[in-house]
Amino acid sequence: MPAAVQSRRTRTNRVVRMLAVAGTGAAVIAMPLVGAASASAATATASASVTTAGYPNNLDGWIRESLAIMSQKGIPGSYNGIYRNIMRESSGNPNAINLWDSNAAKGIPSKGLLQVIDPTFNAYHVAGTSWNIYDPVANITAACNYAAHRYGSMDNVNSAY
């Protein structure tokens, strides 16, 4: 076996032995270090894509852009309240559609991040946002406008609304 291959194998075996001796604690510490390069590369890729308003084109950016519009329009709501409801309603998928509930049975399925039906979206649409119900910012902002009128704020919504 060539010396370079044997040297590499010896180093690999040494690392494996060190992790085995150190136990789970070392593995837990080693994993974030290995993943850190991947995570920063993913962040760099995600941050390269931005909305027309300059926010990251991801869930965090959509919520922050919606909050900026809501602030201008006097619509109450917090990042945490919006995020909590999005996770419950769509798990963060802006293209989510509910084809099985009572609204869907009536032919008006809930759509988007906050699972809004077309009549509600149209009634509570906020000027300056897209008329596309699947547009994340438009969906969040219209849903928060509806929640503000119905419940005082999206922060007060703790189940399907």
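Atom set for the values below is all heavy atoms of this structure, side chains included, hydrogens, waters and symmetry mates excluded.
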Residue pair Q115 / A96: nearest heavy atoms and the distance that separates them: NE2-O, 3.3 Å
Smallest heavy-atom separation, E89 atom then L113 atom, equals CB-O, 3.7 Å
T51 backbone acceptor or donor facing N57 side chain under 3.5 Å: no
Non-hydrogen atoms of G152 and P76 that approach each other most closely: O-CG, 3.2 Å
Take V116 and S110 through the side chain to side chain contact (heavy atoms under 4.5 Å, CB included) test and state the conclusion after the steps. CA-CA 5 Å; V116 182; S110 305; over 6 Å; no
Can you list every pair that meets ring pair (Phe, Tyr, Trp, His ring centres under 6.0 Å) and has a residue in residues 60-93, with sequence neighbours left out? none
With side chain to side chain contact (heavy atoms under 4.5 Å, CB included) as the criterion, how do N158 and R84 come out once you've worked through the C-alpha distance, each side chain's angles and the decisive distance to 0.1 Å? CA-CA 8 Å; N158 294 306; R84 174 177 36 86; 2.8 Å; yes
May I have all residue pairs that pass salt bridge (Lys or Arg N to Asp or Glu O under 4.0 Å) and include part of residues 127-147, sequence neighbours excluded? none
Tell me the closest heavy-atom pair linking S78 and D155, and the distance in Å. OG-OD1, 2.8 Å
Here the gap from I63 atom CD1 to C144 atom SG, rounded to the nearest 0.5 Å, amounts to 9.0 Å
Nearest heavy atoms of N98 and P109, plus distance in Å: O-CB, 3.0 Å
Quick one: CE on M70 to OG1 on T129, what's the gap to the nearest 0.5 Å? 12.0 Å
Can you list the steps and then say if S90 with L114 is a side chain to side chain contact (heavy atoms under 4.5 Å, CB included)? CA-CA 7 Å; S90 68; L114 282 165; over 6 Å; no
Output yes when a side-chain donor or acceptor of H149 lies under 3.5 Å from a complementary backbone atom of Y124, and no otherwise. no
Between CD1 of I69 and NZ of K73, what distance do you get to the nearest 0.5 Å? 8.5 Å
According to salt bridge (Lys or Arg N to Asp or Glu O under 4.0 Å), does anything in residues 115-130 pair up with another residue at least two apart or in another chain? List the pairs. K111-D118
For R64, the salt bridge (Lys or Arg N to Asp or Glu O under 4.0 Å) test, sequence neighbours excluded, returns D60
Considering all heavy atoms, the nearest W131-F121 contact: O-CE2, 3.3 Å
Working to the nearest 0.5 angstrom, can you tell me the gap between K106 NZ and D101 CG? 9.0 Å
Got a sec, which hydrophobics cluster with W100, joining ILVMFWY side chains under 4.5 Å apart, including via others? none
Taking transitive links into account, so neighbours of neighbours count too, which hydrophobic residues share a cluster with I108 at under 4.5 Å side-chain distance? I117
What's the verdict on side chain to side chain contact (heavy atoms under 4.5 Å, CB included) for I97 and Y134, showing C-alpha distance, side-chain angles and the deciding distance? CA-CA 9 Å; I97 184 166; Y134 291 105; 3.4 Å; yes
How long is the straight-line distance from CG of N156 back to OH of Y151, given to the nearest 0.5 Å? 10.5 Å
Judged by atom type as modelled, is there a donor-acceptor pair below 3.5 Å linking the side chain of T141 to the main-chain atoms of A138? no
Measure the spacing between OG1 of T120 and CZ of R150 and express it to the nearest 0.5 Å. 9.5 Å
